[in-house]
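Let me begin by presenting the structure, written as structure tokens, before commenting on it.
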Amino acid sequence: MRLKIKCRKVIGLLLVVSLSIGMFAGHNTYGTCVNPYEKILNELKTTKQSRAKDKSSYIISAKDNTSYNEIKEDYKNIVIRESESYNEKNNILLVSVNEEQAQALETEDGIIRVEKDFYVSASGRKTKVRKNKGIDSKVAWNLRMINADKVESTSDKKVKVAIIDSGIDGISGINVKARIDLTDKDGNRNPFMEDFTGHGTSVAGIISGNAGQNSVQGINSNVELYSAKVLDDKNVAPISRVVEAIYWAIEQKVDIINLSFGTKVYSRVLEQAIEKAYKENIILIAAAGNSGNEVEYPAAFRQVIAVGGIDAEGEISDNSVIAEGIELMAPGEMVKTVGAFGGVTVADGTSMATPHVTAIASVLLEKDYTVSNEFIRYLMNVSAKFMGIKGTGYGVVDLKYAIDNYDRIKRDYNNDKSEIKRSYNKEQLQTFDKDNLVEARWTQDKHGYLVQIAYDSNNVYLEDWEVNRIKIGATQIDDIFPSHYGQADDSSFLHGYKNYVANYIYLTHAAYEIYNDSYTKYLNGNTKVAGANVAAIKDRISRFPWSNYQNNTNWKKSLMVFGMALHVIGDAYAHRSFAKQNEGYVHIKHNTNWSISADNHSYYPERELGARTAINKAFKQYFDTGTTGTYKQFVHNNYTTYKLDQLYTFSKKTTESEGGSVTKDTTTLKNASYGD
């Protein structure tokens, strides 16, 4: 590959001097232009592992596909991520080098730029609600404020919305058309519970709502959601991952991309991805940020609608940037949405304001799918209620006004696209009393507020940090103890294999004993559950990396072990389901064809409903009644198009060994069982 080092005029002068000296010496000497980084480049090409210290990830933008392939081959020793097809089309590579090596790479002729792969972070946090207050499920002040509570979609065609975030839990009751997990290197994670922080699930809940016992009303349930998981368990992601997700969304031919995160650092690679999406007529909407007086990237790019947040009283939220670059405002404080395990939670930040605008854009696009992203942007801007406050853009979005005045605004746009008139919407903003947004409910000492998980008429209330601990056990176990079925380090019993009923029940015993007796007494105890891999489970609990988590009281440890029990349930429905096909049943397995893979919860979606029902029953059993699990958590009427492997046999064996009986549920269990 040619080097792009350019000789300056001073080198030309030296060449003249060199030629003169050569004449006196009796021979010709020609000047050459040497790349000072040549030694470093050669080392990167030939050394399998760079000896350099302080290495970081850098993004390489190649000039064209030919250069991309040459770079990929020449520097294969430092490439740390094989680009997917959508990144290869855009000539993006990720390498691991230090700063000097990055500077050396930038001298290559086929490389446009080399850019450090810095991190973005989610623009939201959980609301700190008063102790002992739950969530009033009847209040949807945020939808009423923007006139989106009574607008219903009548379109047969669905707008495609990509949510680039922390993922969307499969058991949330939110329908996801397609998903990709860019944080999962080994492909172990179960999408039923992929969203560790709940951030992406909450964003999706505002857009579309969910179905279930404790359902949340969204703005537009008629959307097709495309989930790209880029944020990790700390709600951060390298820019390379975000860029990859944007290109994936473009390849999915989505109409809108929601970006509820930000960074103060400019990235040309990110801007290029944004520019390409915009040229594809995609509407881009991003969080302005939660602090300071500057809009963060990607919201700061001109192609993106930057969204700030307001509270129920119509005032700028404490968690919102106020800046000239903001385009629209939306509810961003104490917003009720979908929480962990399909429950209800309250969240805030411009992260939560952003999906309000995204959902409104999706409803407006349904009126005419042929219009440009520029028109939808114009329509929302001129329909907004102007706040009259510097740094709040065109004001608060108003869906009903935009729909009612759609034709008039469209005519004006076609006549003069350059002028945006603030005077369209003169209506007053409807406001609400913050103190009436939550309904007081006294709860048990150990359980507080924020997330409530319902089954039938019962609610379980948990504080945010408690749910977080359960999530650790339910989601991190894939990475800490992957299945590795049949191998020396086999931990498949934690992932729905073997007798999943017994393993689930035993894990609830373990959680119960850790809390009531102590972690040490549990490890020295001898509780048995027939059919459970007791010794192996106890070994994994003893080797769990507790030191990675602060203040590990017995209660906190017990919550994490209970999360492992929930993981067993979720994986049983993912890995042990047999689908009804023609006259028989076929095992739903892992498959390279995502459309028929076990991890695609949209494939035989009744599995997701069954998993959600079983998990909600597990919450009720453990927290409401205060007792350990039973086979009854698997007893429900959602086994219509699939069966679970040996559910009856496993339930009977485990229950009868403890002196119980499944007689009353025999018919239901047998109808739900395959192979009995």
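Here the structure is a predicted model, which means the values were calculated and not measured.
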- Does the side-chain contact (heavy atoms from CB on, under 4.5 Å) test come out yes or no for Gln252 and Ile180, once each step is laid out? CA-CA 11 Å; Gln252 303 305 309; Ile180 185 172; over 6 Å; no
- Note on the structure: So ring pair (Phe, Tyr, Trp, His ring centres under 6.0 Å) across residues 284-332, not counting sequence neighbours, yields Tyr266-Tyr297, Tyr297-Phe301
- So, Asp311 versus Ser317: side-chain donor-acceptor pair below 3.5 Å or not? no
- Backbone of Asp169 reached by a side-chain donor or acceptor of Thr201 within 3.5 Å: yes
- Message: Could you check whether any side-chain N or O of Thr392 sits under 3.5 Å from a backbone N or O of Ile389, counting only pairs where one atom can act as donor and the other as acceptor?
- Response: yes
- Query: Would Lys426 count as a cation-pi partner of Tyr401, with NZ or CZ less than 6.0 Å from the six-membered ring centre and within 45° of the ring normal?
  - Reply: no
- side chain to side chain donor-acceptor pair (under 3.5 Å) partners for Asn220, two or more places apart: Ser362, Glu366
- Under 3.5 Å donor-acceptor, Asp348 side chain and Gly332 backbone: no
- Item | SB check Lys157 Asp255 (cutoff 4.0 Å) | no
- Message: Quick one, Lys276 with Glu280, criterion salt bridge (charged side-chain N to carboxylate O under 4.0 Å, His left out). Give me CA distance, side-chain angles, the key distance, then yes/no.
- Response: CA-CA 6 Å; Lys276 179 156 188 180; Glu280 293 293 326; 5.8 Å; no
- Short question: side chain of Thr345, backbone of Val338 - any donor-acceptor pair under 3.5 Å? no
- Query: Between Asp117 (side chain) and Ile239 (backbone), is there a donor-acceptor pair under 3.5 Å?
  - Reply: yes
- What pairs with Glu374 under side-chain contact (heavy atoms from CB on, under 4.5 Å), at least two apart in sequence or on another chain? Tyr278, Ser372, Arg377, Tyr413
- Backbone N or O of Met334 within a donor-acceptor pair of the Trp141 side chain at under 3.5 Å? yes
- Just by modelled atom types, is the Val236 backbone N or O under 3.5 Å from a matching donor or acceptor in the Ser121 side chain? no
- Message: Under a 4.0 Å threshold between the charged nitrogen and the carboxylate oxygen, would Asp109 count as salt-bridged to Lys63?
- Response: yes
- Task: Could you tell me whether the side chains of Asn381 and Glu327 share a donor-acceptor contact shorter than 3.5 Å?
- Result: yes
- Could you tell me whether Glu275 and Lys279 have a side-chain N and a carboxylate O separated by less than 4.0 Å? no
- Do Ile274 and Leu259 come within less than 4.5 Å of each other through their side chains, counting heavy atoms only? yes
- Message: Between Arg268 and Glu271 (salt bridge meaning N to carboxylate O under 4.0 Å), is one present in this structure?
- Response: yes
- Query: Say you draw a straight line from CE of Met145 to CZ of Phe432; how long is it, rounded to the nearest 0.5 Å?
  - Reply: 6.0 Å
- Within the distance-only criterion (no hydrogens, no angle test), does the side chain of Asn210 pair as donor or acceptor with the backbone N or O of Gly173 below 3.5 angstrom? no
- Query: Do the side chain of Ser166 and the main chain of Asn235 share a donor and acceptor less than 3.5 angstrom apart?
  - Reply: no
- Message: Is there a side-chain contact (heavy atoms from CB on, under 4.5 Å) between Ile146 and Asp398? Walk through the geometry before answering.
- Response: CA-CA 5 Å; Ile146 60 176; Asp398 188 333; 6.0 Å; no
- Message: Within the structure provided, determine whether Leu364 and Ile403 are in side-chain contact (heavy-atom separation under 4.5 Å).
- Response: yes
- Query: Between Tyr369 and Ser155, what is the shortest heavy-atom contact and its length?
  - Reply: OH-OG, 2.9 Å
- Can you tell me if Asn373 uses its side chain to pair, donor with acceptor, with the backbone of Ile282 under 3.5 Å? yes
